[in-house]
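First up is the structure itself, then whatever we jot down about it.
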Amino acid sequence: MMTREPAPARLVNDGRIRFGMFDGPVREPNLLDAHAPLGVRLPRVIQALRLKEWQAIQLGNGRFFVLVALFHAKTMALAQIKVFDRKTGEKRLFERKLPPWSFDVAQGLCGTATTWESRGARLSFDNRFDQGTLELSVDIPAGRKSPRMHGRVQIDVAAAESVVVSLPFDENRGMYSHKGCFPCSGRLQVGDDCIEFGEEGGFCLLDDHKGFYPYVMKWDWVTGARVEGQRVAFNLTRNDNTQPQRWNENALFMDGRIHHLPPVTFERHGEGPGEHWLVRDEQGRVDVRFDVVLDGRVTVNALIAESRYRGPFGDFSGTLEPEGGPAVTVDGAFGMGEQFYLRT
């Protein structure tokens, strides 16, 4: 049984990271204060170069699925919006590779903001978990290959529990993650389409993340949700966590509650049309299939960094079994996966 502890105010005290699973937001996920291995105190600017950070959300209303992300790897950064229309199969994309000084990722989700602005474009997460809300603001001018995108979405983070973890990569190196599935309301105008998110039918999947990853960082991940009837969502990942049986961020989100799940493995079959991923665990509690509908790739091969990112959208089927409860079907859920490699 995985148990949650009261959330600490600060993740690092006296140079030591507190690992575990928590019952609410960590106000200061201050990983930069952690001592390097062997207790070495590296200059803060050197520490910062190793810390990978991002804030992202996925939004859905049954027809449209939207990814909005600000990703910062220190040697490079990325602003991204993907909009997929499940009815027509059309994808609209805004993507800007940015220099590392373009924005800072918020330190915690209580009274902070992650904002990028440039040449009339603005993308912002206004984080007010202490007041029960988070707001997304988008204002992106039309480009050569992308329509204008603008609007606001309010996320009711007080309406559901969150998965908040601090996971070890080694003795005093690791990652912090805050994830959850929440009702949302508002609208995004994407070209001629006005995408409405209602509190009853819409969903928001939150992903706030910081990690001291190795020189080569890799992970596998899927997340998705179903909005018809009961809102059911999930998060499944495999990364550099050295104690996944004790702590992980795998979870089923249902009725505003989180149900922790065991460590998982990923198998990929095929490539292109017909490709599918299988996500399973050793106990038979996780048996999920992800059928790729639309692939997405970002590749950067520079002198000091190489990135190979896949972020396909697709359909889910299968079951998730909460501990001590009956299996829950995820048939009809839609979402995305990631297969990520970064050398930097």
* Asked: More than 12 non-hydrogen atoms from neighbouring residues, nucleotides or ligands closer than 6.0 Å to NZ on Lys218, yes or no?
  -> no
* Quick one: does Glu28's side chain have a donor or acceptor within less than 3.5 Å of a partner on Val26's backbone? -> no
* Kindly check if the number of other-residue, nucleotide or ligand heavy atoms within 6.0 Å of CZ (Arg18) is above 12? => yes
* **Over 12 non-hydrogen atoms of neighbours within 6.0 angstrom of CZ in Arg10** => yes
* To do: Identify, with sequence neighbours excluded, every residue that meets side-chain hydrogen bond (donor to acceptor under 3.5 Å, both in side chains) alongside Asp130.
  => none
* **Pairwise distance CZ(Arg187) to NE2(His150) - rounded to 0.5 angstrom** => 10.0 Å
* Should Ile140 and Ile57 be regarded as members of a common hydrophobic cluster, given that ILVMFWY residues are connected when their side-chain heavy atoms come within less than 4.5 Å of each other, either directly or indirectly? -> yes
* Are the ring centres of Trp116 and Phe103 closer than 6.0 Å? -> no
* Asked: Do Arg16 and Glu171 sit within salt-bridge range, that is, some charged N less than 4.0 Å from a carboxylate O?
  -> yes
* May I ask whether Leu205 and Trp219 are part of the same hydrophobic cluster, defined by side-chain heavy atoms of I, L, V, M, F, W, Y residues being less than 4.5 angstrom apart, directly or through others? => yes
* **Check: Leu32 main-chain N/O paired with Asn30 side-chain donor or acceptor under 3.5 Å** => no
* Report the C-alpha separation of Leu93 and Lys145 in whole Å, then their side-chain angles, then the decisive distance to 0.1 Å, and conclude whether the side chain to side chain contact (heavy atoms under 4.5 Å, CB included) test is met. => CA-CA 8 Å; Leu93 171 67; Lys145 297 183 179 181; over 6 Å; no
* **Interatomic spacing from CZ in Phe64 to CZ in Phe84 - rounded to 0.5 Å** => 10.5 Å
* Answer yes or no: is there a side-chain heavy-atom contact under 4.5 Å between Phe129 and Ser162? => yes
* Asn127 side chain near Asp208 side chain, heavy-atom distance below 4.5 Å -> no
* Report yes if the side chains of Leu67 and Gln80 come closer than 4.5 Å at any heavy-atom pair, otherwise no. => yes
* **Donor-acceptor pair, side chain of Asn61 and main chain of Gly198, under 3.5 angstrom** => no
* **Straight-line distance of Ser102 OG to Arg96 CZ, nearest 0.5 Å** => 9.5 Å
* In terms of heavy-atom contacts, does CD of Glu282 have more than 12 from other residues, nucleotides or ligands at under 6.0 Å? -> no
* Asked: Do Gln107 and Lys210 come within less than 4.5 Å of each other through their side chains, counting heavy atoms only?
  -> yes
* Are any side-chain N or O atoms of Asp156 and backbone N or O atoms of Pro183, one a donor and one an acceptor, separated by less than 3.5 Å? -> no
* Is any side-chain heavy atom of Glu53 less than 4.5 Å from a side-chain heavy atom of Lys74? -> yes
* Closest heavy-atom contact between Ala106 and Gln55? -> CB-OE1, 4.4 Å
* Side chain of Asp193, backbone of Ile195: donor and acceptor closer than 3.5 Å? -> no
* To do: May I ask you to decide if Thr237's main-chain N or O and Asn250's side chain share a donor-acceptor pair within less than 3.5 Å?
  => yes
* Is the shortest heavy-atom distance from the side chain of Trp221 to the side chain of Glu249 under 4.5 Å? -> no
* Is it true that a side-chain atom of Asp281 and a backbone atom of Val286 form a donor plus acceptor pair closer than 3.5 Å? -> yes
* **Arg226 and Phe316: CA distance, side-chain angles, deciding distance, side chain to side chain contact (heavy atoms under 4.5 Å, CB included) verdict** => CA-CA 9 Å; Arg226 187 183 67 222; Phe316 290 94; over 6 Å; no
* **ILVMFWY network linking Ile258 to Met21, side-chain heavy atoms under 4.5 angstrom** => yes
* Asked: Between Thr319, Asp315, Val288, which is the residue that forms a side chain to side chain contact (heavy atoms under 4.5 Å, CB included) with Val330?
  -> Val288
* Val328 side chain reached by Pro322 side chain, heavy atoms, under 4.5 Å -> yes
* Might you point out which heavy atoms bring Val264 and Leu236 nearest each other, and give the distance in Å? => CG1-CD2, 4.3 Å
* Examine distances only and state if a side-chain atom of Arg173 and a backbone atom of His35 form a donor-acceptor pair shorter than 3.5 Å. => yes
* Asked: Taking Asp85 for the side chain and Glu90 for the main chain, is one N or O donor matched with an acceptor at less than 3.5 Å?
  -> no
* Structure fact -> Correct closest heavy-atom pair for Ile81 and Val66 would be CG2-CG1, 4.4 Å
* To do: With rounding to the nearest 0.5 Å, note down the distance linking CD in Gln154 to OG in Ser137.
  => 8.0 Å
* To do: Given salt bridge (Lys or Arg N to Asp or Glu O under 4.0 Å), test Glu161 with Arg4 step by step and report yes or no.
  => CA-CA 12 Å; Glu161 296 178 332; Arg4 289 178 289 165; 3.6 Å; yes
* To do: For Arg86, look at atom CZ and say whether over 12 heavy atoms of other residues, nucleotides or ligands are found less than 6.0 Å away.
  => yes
* Asked: Given the rule in the side chain to side chain contact (heavy atoms under 4.5 Å, CB included) test, do Ile17 and Ser166 qualify, once you have shown the distances and angles that lead to the verdict?
  -> CA-CA 8 Å; Ile17 301 175; Ser166 174; 3.6 Å; yes
* To do: Return the minimal non-hydrogen interatomic distance between Ala7 and Gly24, and the atom names on each side.
  => CB-O, 3.4 Å
* To do: May I have the step-by-step check of side chain to side chain contact (heavy atoms under 4.5 Å, CB included) for His259 and Leu320, ending in yes or no?
  => CA-CA 10 Å; His259 304 270; Leu320 296 171; over 6 Å; no
* Using a distance-only test with no angle check, is there a side-chain donor-acceptor pair under 3.5 angstrom linking Arg280 and Thr265? -> no
* Asked: Looking only at heavy atoms, what is the nearest atom pair of Leu188 and Arg152, with distance?
  -> CD2-N, 4.3 Å
* **CG-NE2 distance between Leu78 and His72, expressed to the nearest 0.5 angstrom** => 11.0 Å
* To do: Answer with yes or no whether the hydrophobic clustering places Val165 together with Val222; edges join I, L, V, M, F, W, Y residues whose side-chain heavy atoms lie under 4.5 Å apart.
  => no
* To do: Using a cut-off of 6.0 Å, state whether more than 12 heavy atoms not belonging to Arg285 lie near its atom CZ.
  => yes
* When hydrophobic residues are tied together by side-chain contacts of less than 4.5 Å, even through go-betweens, does Leu59 share a cluster with Phe125? -> yes
* Asked: Looking at Phe71, Phe340, Tyr176, which one forms a ring-ring contact (aromatic ring centres under 6.0 Å, His included) with Trp54?
  -> Phe71
* Asked: Does Gln47 use its side chain to pair, donor to acceptor, with the backbone of Leu49 at less than 3.5 Å?
  -> no
* Which of these, Trp277, Phe266, Phe334, sits in a ring-ring contact (aromatic ring centres under 6.0 Å, His included) with Phe290? -> Trp277
* Structure fact -> Between Asp295 and Val292, the two heavy atoms sitting closest are N-CG1, 4.2 Å
* Structure fact -> In this structure, SG of Cys204 is separated from CD of Gln58 (nearest 0.5 Å) by 8.0 Å
* **Within-4.5 Å side-chain heavy-atom neighbours: Lys82 and Phe313** => yes
